[in-house]
Novice: 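Before I ask anything, let me first share the structure, which is written out below as structure tokens.
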Amino acid sequence: MHISSNFDSGNIEVISIEDIRNIRLNIRKDTKADYFQWFHFRVHDVKGYPCKYVIENANEASYPEGWDNYKVCVSYDRINWFRLETQFNGKELTFEHTSEFNSVFYAYFTPYSYEQHLDLIHAAQISPLCVIENIGLTVEQRNMDLLIVGNPGESKKKIWIIARQHPGESMASWFIEGFIERILDEEDPVSRKILQDAVFYIMPFVNPDGAISGNLRANAAGINLNREWANPDISKSPEAYYILKKMDETGVDLMLDIHGDEGLPYNFVSSIEGIPGYDSRLKDLLETFKKVWLDTCPDFQDEHTYPVNDPGTANLNICSKQIGHKFNCLSITVEMPFKDNNDLPDPVYGWSSERSLKFGGSILQPILSVLKKL
Ligand code: ZN
């Protein structure tokens, strides 16, 4: 039996595999940083063995509450990822599995690789509605791919959508794929209507370096990009620097930043209530956006969320807060669960790639509802 993680977004350290009823593992820390929680590994020569896996350092992970009621994702074909019963005793994360095949993958959530990202954007550029633009290079010199959807023009509303600032939040990529599929669907009346008045600037994969390395939160310089937006450093956080530079060029009327949350088993948003310029116009936009999403998508809810910032107390280093502040616009962080949506649970798959994809498509309706008032 062998365990490996030397592939895109692989992360595990093997402590011992001598006893298949007590396979000892650790999750590796992010590049040049102390964050960790994402794992993704392959076990081979394992068919029929009743293995018991123990992740020893689970309680030291960035969000230990993320392990309560969590179920590990498993796949034999790397397409269908189902869930396994998983225990957390306050220290170690444990799961038992007898593989039906000789090679099996385990992950924190259904992965979404850099190659999938390249496939996605190149399929998208075949549409007459979409072009790819390179706006800069990451720390490890990967292209920063921006998709422009729709015809830019003075009168058009500029809508930015970014995903995967946090590399371990792969559900954000599935969300973006669902969004791109729908916005490029020329037979979808909501998309057609939106594109009459808006142009989209979409960054599907802000932090490919961190994702390929199997990180949870950091880029290749060890930086959590979502605390860099007040004044990003071109050498340590070029990913935020170049996006902000491009936003200065285009302007921003609405910004959506797509994430996953380790702890809360719900879909929710976090917005700009605490920025200095939050006023009745922004409040009305936010409330309309949330109400229409609630009315049209049962996977969205607004009860279980982060605490709303008091006036003037927003952390302007966070992307959605800074962009809302800087451009005086509606700006929203979207959070999806790693576990499940407890309002509509699925015992086999939990929150999944397919559900994230559909959730990404569902955001068009609330966008349409606020478009004229942006
Ligand atoms: Zn995040």
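Just so you know, ligand 1 is whichever comes first in the structure, and atom 1 is the first atom listed for that ligand.
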Novice: Which residues and atoms, counting only protein N, O or S, are under 2.8 Å from the Zn ion (ligand 1)?
Specialist: H166 ND1, E169 OE1, E169 OE2, H259 ND1
Novice: Other members of the hydrophobic cluster containing F105, with the 4.5 Å side-chain heavy-atom rule, please.
Specialist: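 Via sub-4.5 Å side-chain contacts, F105 links to F7, W81.
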Novice: My understanding is that only residues two or more places apart in sequence, or in another chain, count here; which of them pass side-chain hydrogen bond (donor to acceptor under 3.5 Å, both in side chains) with N267?
Specialist: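 In terms of side-chain hydrogen bond (donor to acceptor under 3.5 Å, both in side chains), with neighbours along the sequence ignored, N267 is linked to no residue.
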Novice: Tell me which pairs pass side chain to side chain donor-acceptor pair (under 3.5 Å) where either residue lies in residues 60-70, with sequence neighbours left out.
Specialist: Y63-R217
Novice: Would you call R192 and E186 a salt bridge, using N to O less than 4.0 angstrom?
Specialist: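 Between E186 and R192 there is no salt bridge, as every charged N stays at least 4.0 Å from the carboxylate O atoms.
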Novice: State, yes or no, whether a side-chain contact exists between V72 and Y108 at a heavy-atom distance under 4.5 Å.
Specialist: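 Answer no - side chains too far apart.
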Novice: Hey, are Q165 and N226 close enough side-chain-wise for a donor-acceptor pair under 3.5 Å?
Specialist: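 Distance-only check passes for N226 and Q165.
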